[in-house]
There are 2 protein chains.
Amino acid sequence: MPAKENLRPGGRSARVQASVHNAVRSLLKTMDRADVTIPLIAAEAGVTPSTIYRRWGELQELLADVAVERLRPDMLPIDTGSARGDLEVWTEQYCEEMSSGIGRDMMRDVLAAQDNANACKCDAFTREQIALIAERAHARGEAFPDIDAVMDGVVAPIIYRILFGDQPSIERVRDLVTNVLAATTIRPPQPASALISG
Amino acid sequence: MPAKENLRPGGRSARVQASVHNAVRSLLKTMDRADVTIPLIAAEAGVTPSTIYRRWGELQELLADVAVERLRPDMLPIDTGSARGDLEVWTEQYCEEMSSGIGRDMMRDVLAAQDNANACKCDAFTREQIALIAERAHARGEAFPDIDAVMDGVVAPIIYRILFGDQPSIERVRDLVTNVLAATTIRPPQPASALISG
DNA sequence: GCGCTAAAAGCAAATAATTTGCGTTAATGG
DNA sequence: CCATTAACGCAAATTATTTGCTTTTAGCGC
């Protein structure tokens, strides 16, 4: 039961949540996550441990809660002037963030929690970003694949590799983008050679 | 430190490991995983808790250890007579297993552990199965995609959806197979034996 | 086989984390 | 402003984890 956003979000309750979240972020900066305990977080946050236990249940739910906030995109995808450029730049940045130590840890925290609501949120964040790129592409009159096609063709392979093996190379990431754009049904005003290469 | 396959695999040590693994499997059958604790497992296995603590460190490593064994494929992919049939049948079965409650839990256990060696093993298992299908296809003179193409085009999207959202529909899974086969060019055989050890 | 060495297990005491009952504070709604 | 009750704090009880030391036994050279 991640007591996130229902039931009494006012004053004190919100302050406690913010304080606990800050304590977690602060502790994760200076120490190994294996050494972070609920009593420690409670002391850092200035609350009693039982508050955390009752509200989050276990450490993993709290970590997942904090991680999902950090995974929320804080900026719009960069506008490079073309759909291909937008998607390439966004994808490379996404891959870098997710495959970094911090990104990996946060993903692990989100997936390790009992409750998969946080994982769904992460998926929604990613889809939103891609939808923005798609909207811009359409506004320019460019073709752009379905969001699902991008999720399956670009995001899923990247995440799979990060979780189950090693970080994908930048070349591999570019290939994924190239392939998903090449499979787009409506032909964009781009040279055909750019779509087939790779 | 998952003390799996090094250092003194003989008699008693092996017996203890087997006993503990059995205890975990047995307990997971009858109770919620949130209620499974190390002292409980120790009692069921007839060992002292400190043995488990020293050997696996924490519950998650032990659960990951057990889960990866259960995720090891126990049969060859079904031979349907064609590459498409083989891949379709295998994929549907894989998707069903992984998206079941048990499959999800095991995947979560594997990914939640500090040590990602178990996750790599799961990846290797999957690649091995696909390599077998590929070998058969080539023996028949059929074209078959790269293992990596199948991982990116079929396995990754399925796993991503299971982890971050909902179970993919059977139609979606068939589409993934169709698309990866449509992109296939003829290529040399890839021996499965070269891809995995243990 | 026989003993030597050290890794792994057992035991129990010490420490730390988690749960729980109950009183107190303060957010929400009328 | 008052009533209601969710959420918090506190402390005692329970349970899990760590740790020092002893015992067992696998692995190995003879």
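Quick caveat, the model's predicted, so the values are computed rather than measured. Numbers restart at 1 for each chain; the letters A, B, ... are given by sequence-line order, proteins then strands.
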**Item:** Euclidean distance, atom CD1 of residue B:Ile38 to atom P of C:dT18 [Å, nearest integer]
**Value:** 13 Å
**Message:** Tell me if a side-chain donor or acceptor on B:Glu61 pairs with a main-chain N or O of B:Gln114 at a distance below 3.5 Å.
**Reply:** yes
**Prompt:** Is it true that a side-chain atom of B:Asp146 and a backbone atom of B:Asp148 form a donor plus acceptor pair closer than 3.5 Å?
**Reply:** no
**Item:** Presence of B:Ser13 side-chain N/O under 4.0 Å of C:dA8 phosphate oxygens OP1/OP2
**Value:** no
**Message:** Can you identify which nucleotide, out of D:dC10, C:dT25, D:dT25, has its nearest atom closest to the A:Thr48 side chain?
**Reply:** D:dC10
**Prompt:** Between C:dA9, C:dT18, C:dG21, which nucleotide gets closest to the side-chain atoms of B:Val16?
**Reply:** C:dA9
**Request:** Take atom CG of B:Leu59 and atom P of D:dT18, then tell me their distance rounded to the nearest Å.
**Result:** 12 Å
**Asked** For the pair made of CD in A:Glu58 and C1' in C:dA17, what is the distance, rounded to whole Å?
**Response** 13 Å
**Complete:** A:Tyr53 atom OH is separated from C:dA17 atom C1', nearest whole Å, by 5 Å
**Side-chain-base donor-acceptor pair under 3.5 Å for B:Arg54 and D:dT18** = no
**Rounded interatomic separation in angstrom, taking CG from B:Asp35 and P from C:dT18** = 15 Å
**Message:** Taking donor-acceptor contacts at under 3.5 Å, does the side chain of B:Ser50 reach the base of C:dC11?
**Reply:** yes
**Item:** Between P of D:dT25 and CZ of B:Arg15, the distance in whole Å
**Value:** 8 Å
**Asked** Quick one: A:Gln17 CD to C:dA27 P, roughly how many Å, whole number?
**Response** 15 Å
**Pair B:Asp86-B:Arg140, salt bridge (charged side-chain N to carboxylate O under 4.0 Å, His left out): steps then yes or no** = CA-CA 12 Å; B:Asp86 284 7; B:Arg140 292 192 202 102; 3.2 Å; yes
**Prompt:** Could B:Asp175 and B:Arg172 be called an ion pair, given the rule that one side-chain N must be under 4.0 Å from one carboxylate O?
**Reply:** no
**Prompt:** Going through the checks in order, is the side-chain contact (heavy atoms from CB on, under 4.5 Å) test met by B:Arg174 and B:Thr91?
**Reply:** CA-CA 8 Å; B:Arg174 289 214 185 97; B:Thr91 304; over 6 Å; no
**Message:** Please pick, from C:dA17, C:dA9, D:dA16, the nucleotide with the shortest atom-to-atom distance to any side-chain atom of B:Thr51.
**Reply:** C:dA9
**Request:** Figure out the CD1/C1' separation between A:Ile52 and D:dG9, and round it to whole Å.
**Result:** 13 Å
